[in-house]
Amino acid sequence: MAFKCGLAIILALAIVSMANAGDPDILSDFVVPFNVTPDPNFFTYTGFRVLVGEEPPTAFKVIKASLAEFPALNGQSVSYAVLQYPASTVNPPHTHPRSAELLLLLGGALEVGFVDTTNKLYAQTLQVGDMFVFPKGLIHYQYNADPKNLAFAISAFGSANAGTVSVPNTVFNSTIDDTILAFSFKTDVATIQKIKAGFAPKA
Ligand SMILES: *[C@@H]1O[C@H](CO)[C@@H](O)[C@H](O)[C@H]1NC(C)=O
């Protein structure tokens, strides 16, 4: 009986957490920072205007419209990012802890992939117009294998603040002890230090 009851509670909690898959619900139409009087400009984001007529970047570049850049998104469970991949550049493996990512390829071609919790890789080559979903929390990457042409995409997120955890940066640029990393990656400290050196600020 106690077991059945426990199971029912667990199921009920699971259903509640499924219903709350986005950001927490707010108790007002929208959230306005202290000292701000909302007007149409408050609900307008102009940070992507720089894309019009701009020279393409020389390194992989993300322009975000998330909570930090666009405070009106607070409590709305949505955000965007514009991603630009010059020829032969990568967006290294990373995760978004608070949201799935829905990527729409607008220019070029893109190799994308994610790895699920059983360590299975789902990799795809996208053409312009294709959309790919990276499930919430799973490690994924994008790579422009074309040696000549830029690729660019827009990504939608189901959180105003999806967050980004970069695998290389988190592991090798966060001051985790070299010995711990050497054991973890089944290598020696010298190899770890060599990898870490690549993250040091350029002199
Ligand atoms: C490593 O971390 C520092 C400090 O947070 C940061 O400024 C730098 O950009 C990081 N390096 C790379 C290659 O991400």
Side-chain angles (χ1 to χ4, degrees), residues 12-86 89-108 110 112 114 126-142 144 150-170 173-174 201:
L13 287 174
I15 289 164
V16 168
S17 67
M18 267 171 0
N20 289 332
D23 295 343
D25 275 340
I26 54 175
L27 301 177
S28 53
D29 294 346
F30 42 82
V31 178
V32 181
F34 184 68
N35 268 350
V36 171
T37 305
D39 64 3
N41 290 335
F42 175 69
F43 298 97
T44 308
Y45 183 69
T46 59
F48 290 153
R49 285 185 185 176
V50 293
L51 291 163
V52 181
E54 184 203 50
E55 284 294 305
T58 54
F60 166 70
K61 185 177 178 187
V62 188
I63 309 178
K64 291 184 192 170
S66 62
L67 183 61
E69 300 82 20
F70 190 11
L73 297 184
N74 195 359
Q76 305 299 332
S77 294
V78 288
S79 58
Y80 265 136
V82 167
L83 308 133
Q84 294 172 280
Y85 315 81
T89 57
V90 70
N91 183 5
H94 63 280
T95 76
H96 303 292
R98 289 179 287 278
S99 175
E101 172 174 358
L102 188 56
L103 181 147
L104 171 61
L105 187 65
L106 297 173
L110 205 56
V112 300
F114 70 85
L126 303 181
Q127 300 179 22
V128 170
D130 291 350
M131 214 155 65
F132 192 85
V133 62
F134 302 100
K136 180 175 175 173
L138 298 185
I139 290 183
H140 60 279
Y141 62 84
Q142 296 113 24
N144 178 9
L150 180 89
F152 68 102
I154 183 161
S155 278
F157 298 89
S159 167
N161 189 19
T164 298
V165 177
S166 161
V167 174
N169 203 37
T170 301
N173 193 24
S174 67

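Just so you know, these numbers use all the heavy atoms, side chains as well, and skip hydrogens, waters and symmetry mates.
- Judged purely by atom type and a 3.5 angstrom limit, Asn144 has no side-chain atom pairing as donor or acceptor with the backbone of Thr89.
- Taking the six-membered ring where tryptophan is involved, the planes of His96 and His140 are tilted, since the angle between them lies from 30° to 60°.
- The side-chain contact (heavy atoms from CB on, under 4.5 Å) test applied to Ala153 returns Leu83, Tyr85, Leu103, Leu105, not counting sequence neighbours.
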CA sep, side-chain torsions, deciding dist, call: Val167, Tyr141, side chain to side chain contact (heavy atoms under 4.5 Å, CB included): CA-CA 10 Å; Val167 174; Tyr141 62 84; over 6 Å; no
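- A donor-acceptor distance shorter than 3.5 angstrom exists from the side chain of Ser79 to the backbone of Ser159, with no hydrogens or angles considered.
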Donor-acceptor list for residues 35-46 side chains, cut-off 3.5 Å, not counting sequence neighbours:
{"unit_1": "Asp39", "atom_1": "OD1", "unit_2": "Asn41", "atom_2": "N", "d": "3.1"}
{"unit_1": "Asp39", "atom_1": "OD1", "unit_2": "Phe42", "atom_2": "N", "d": "3.0"}
{"unit_1": "Thr44", "atom_1": "OG1", "unit_2": "Pro40", "atom_2": "O", "d": "2.7"}
{"unit_1": "Tyr45", "atom_1": "OH", "unit_2": "Lys64", "atom_2": "O", "d": "2.8"}

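- The shortest distance between side-chain heavy atoms of Leu51 and Gln84 falls below 4.5 Å.
- Remark: side-chain polar atoms of Thr95 are not paired, donor with acceptor, to backbone N or O of Ile139 under 3.5 angstrom.
- Shown here are the salt bridge (charged side-chain N to carboxylate O under 4.0 Å, His left out) partners of Glu55, two or more places apart in sequence or in another chain: there are none.
- Of all heavy-atom pairs spanning Leu73 and Ala65, the tightest one is CD1-O, 3.2 Å.
- Within 6.0 Å of the CZ atom in Phe70, the count of heavy atoms belonging to other residues, nucleotides or ligands exceeds 12.
- Heavy atoms from other residues, nucleotides or ligands lying under 6.0 Å from CD of Gln127 number 12 at most.
- Nearest heavy atoms, Ala81 versus Phe157: CB-CE1, 3.9 Å.
- Across Asp23 and Ala160, no two heavy atoms sit closer than the pair OD2-N, 2.7 Å.
- Within the 4.5 Å cutoff, no side-chain heavy atoms of His94 are placed close to those of Thr170.
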